[in-house]
Engineer: 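Take a look at the following structure, please.
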2 protein chains.
Amino acid sequence: MKLSTRGRYGLRAMYDLALRYGEGPVPLNSIADRQMVSLHYLEQLMAKLRRAGLVASSRGAQGGYELAKQPEEITVGDIVRVMEGSFDPVQCLSRDSDYEDCEQLEDCVVRFVWKRLRDCTNRVLDSINLQDLCDGTVTSEKKPCEACAPDSQKTTDECQLS
Amino acid sequence: MKLSTRGRYGLRAMYDLALRYGEGPVPLNSIADRQMVSLHYLEQLMAKLRRAGLVASSRGAQGGYELAKQPEEITVGDIVRVMEGSFDPVQCLSRDSDYEDCEQLEDCVVRFVWKRLRDCTNRVLDSINLQDLCDGTVTSEKKPCEACAPDSQKTTDECQLS
DNA sequence: GGCAATCCCGATTAATTTACTCAGGATTCC
DNA sequence: GGAATCCTGAGTAAATTAATCGGGATTGCC
């Protein structure tokens, strides 16, 4: 369970665009330079983000890419799911119903584990948006609110467990 | 971010062993039959689990594999980390220090995202052990305790957020 | 002792994915 | 007109995945 460069470069590029939101189109070669990524490779990645409606492009001189929505409207989960595909650890979670019967009986017991894992990763990634990254308010640890962890010094505003 | 067959088959094999814990060695071909996995492939997977000290093997007729510890002492995280490798989404999280300086400045901002993701997946997977799977008490949703979610009907015993 | 049931080990392989590179075309601004 | 862009599809080398294959070592049981 590693992230590929698609997810990593993709998020970095989107963060780069978020930092420059409102300044007009950002040419891809400047992002490639700053993020130390091959321009041609980045073009492929941006194509995915564009098709997903997360960025808008303008062609020609003075063209480039910009976020298609405000930074706070784009979550890390939106980006990573586009770049890496869905987080479903196993196929039977991808289907419509949560209660499809599996071929292996045992698999269905184990399946709850994968469902928990999927729900957790989605919750974490969807709880962070690009504006959070720009603000630098994202820290490495979850900050439980007083209700969740009475001994903690953190305020309820910061609670990220709910 | 999908799990490979190693992680999925590995967990299923371990669950199979847990169900038969205390009954002596379980031959691999019986596991392969039940779990619909190639015997030879399963042999490779079990070798990893054996080297990690999670299962013990006995050779010869009436030989087989059994859990090297009690089912409640082996977490899903133990198994998945052996089979899939560490969950670190990016390399700079794998190092000793949490504060190694990255080559890209932006990467370090984005890095907190990956750290959160890693911590979350570890927390989820380490919160489930093989006995839980055998008991069938693992459901798909986290059950917050009253302190965490006062409106919930769940008891404090079931809280899995802490 | 022999044999069947096991685990054990290393080599090989086909398919897929990853992470690019390459070549060139289309569009737009100045 | 030309430079700066985006856009597209093809190709590719390396790595990974998910096995398969062949044979060797060990042990329990008759």
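Residue numbers start from 1 in every chain, and the chains themselves are labelled A, B, ... in the order their sequence lines are given, proteins ahead of strands.
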Engineer: Less than 4.0 angstrom between a side-chain N/O of A:N29 and OP1 or OP2 of D:dT5, yes or no?
Structural biologist: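 Checking D:dT5 against A:N29, a side-chain N or O does come within under 4.0 Å of OP1 or OP2.
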Engineer: Could you tell me how far apart A:M46 (CE) and D:dT8 (P) are, to the nearest whole angstrom?
Structural biologist: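 Distance, rounded to whole Å: 14 Å.
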Engineer: Has B:R6 got a side-chain N or O lying under 4.0 Å from the OP1 or OP2 atom of D:dT16?
Structural biologist: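 No, because none of the side-chain N or O atoms of B:R6 sits under 4.0 Å from OP1 or OP2 of D:dT16.
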Engineer: For the pair made of CD in A:E66 and P in D:dC6, what is the distance, rounded to whole Å?
Structural biologist: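 Nearest whole value for this atom pair: 11 Å.
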Engineer: Figure out the CG/P separation between A:L3 and C:dA19, and round it to whole Å.
Structural biologist: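 Those two atoms, CG and P, are 10 Å apart.
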Engineer: Before accepting this row, confirm whether a basic side-chain N of the pair A:D119/A:R123 lies closer than 4.0 Å to the acidic partner's carboxylate O.
Structural biologist: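 Result for this pair is no, no salt bridge flagged.
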Engineer: For a quick test of your reading: what N or O donor-acceptor pairs under 3.5 Å do the side chains of residues 23-30 of chain A make, sequence neighbours left out?
Structural biologist:
| from | atom 1 | to | atom 2 | distance (Å) |
| --- | --- | --- | --- | --- |
| A:S30 | OG | A:P27 | O | 2.8 |
| A:S30 | OG | A:R34 | NH2 | 3.3 |

Engineer: Give the rounded distance in Å between these two atoms: OH of B:Y65 and P of C:dA5.
Structural biologist: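 Computing the B:Y65:OH to C:dA5:P distance gives 18 Å.
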Engineer: Would you give a per-nucleotide map of nucleotides 19-30 of chain D, 5' to 3', where B means the base has a protein non-hydrogen atom under 4.0 Å away, S means only the sugar-phosphate does, and - means neither?
Structural biologist: BBBB-BBBBSS-
Engineer: Only pairs at least two apart or in different chains count here, so list each side-chain hydrogen bond (donor to acceptor under 3.5 Å, both in side chains) that has a residue in residues 62-77 of chain A.
Structural biologist: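 The answer is A:T75-A:D78, A:T75-A:D126.
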Engineer: Expressed as a whole number of angstroms, how long is the span from B:L49:CG to C:dC8:C1'?
Structural biologist: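 In whole Å, C:dC8 C1' and B:L49 CG are 15 Å from each other.
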Engineer: At less than 4.0 Å, is any side-chain N or O atom of B:S57 found next to OP1 or OP2 of C:dC8? Yes or no.
Structural biologist: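 For C:dC8, OP1 or OP2 has a side-chain N or O of B:S57 closer than 4.0 Å.
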Engineer: Roughly, in whole Å, what's the span from NZ in A:K48 to P in D:dC7?
Structural biologist: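 From A:K48 NZ to D:dC7 P: 16 Å.
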Engineer: If you look only at distance, which donor and acceptor atoms sit under 3.5 Å apart when one is on a side chain in residues 37-48 of chain B and the other is two or more places apart or in another chain?
Structural biologist:
| from | atom 1 | to | atom 2 | distance (Å) |
| --- | --- | --- | --- | --- |
| B:S38 | OG | B:H40 | N | 3.4 |
| B:S38 | OG | B:Y41 | N | 3.1 |
| B:H40 | ND1 | B:E43 | OE1 | 3.4 |
| B:Y41 | OH | B:T5 | OG1 | 3.0 |

Engineer: Does B:R51 or B:P27 map to a spot on DNA chain C nearer the 5' end, using the closest nucleotide for each?
Structural biologist: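 Nearer the 5' end of the strand: B:P27.
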Engineer: Excluding sequence neighbours, so at least two apart, what forms salt bridge (charged side-chain N to carboxylate O under 4.0 Å, His left out) with B:R6?
Structural biologist: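 Result, salt bridge (charged side-chain N to carboxylate O under 4.0 Å, His left out) vs B:R6: none returned.
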Engineer: Could you state the atom-to-atom distance from CG of B:L42 to P of D:dT17 in whole Å?
Structural biologist: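 That distance rounds to 18 Å.
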Engineer: In plain terms, say whether A:D16 and A:R12 are close enough for a salt bridge, that is, a side-chain N and a carboxylate O under 4.0 Å apart.
Structural biologist: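 No salt bridge links A:D16 with A:R12.
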Engineer: Which residues satisfy the side chain to side chain contact (heavy atoms under 4.5 Å, CB included) test with B:A52, sequence neighbours excluded?
Structural biologist: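 For B:A52, the residues satisfying side chain to side chain contact (heavy atoms under 4.5 Å, CB included) (neighbours in sequence not counted) are B:L54, B:V82.
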Engineer: Rounded to the Å, how far apart are B:L45 CG and D:dT17 C1'?
Structural biologist: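 Interatomic distance, CG of B:L45 to C1' of D:dT17: 11 Å.
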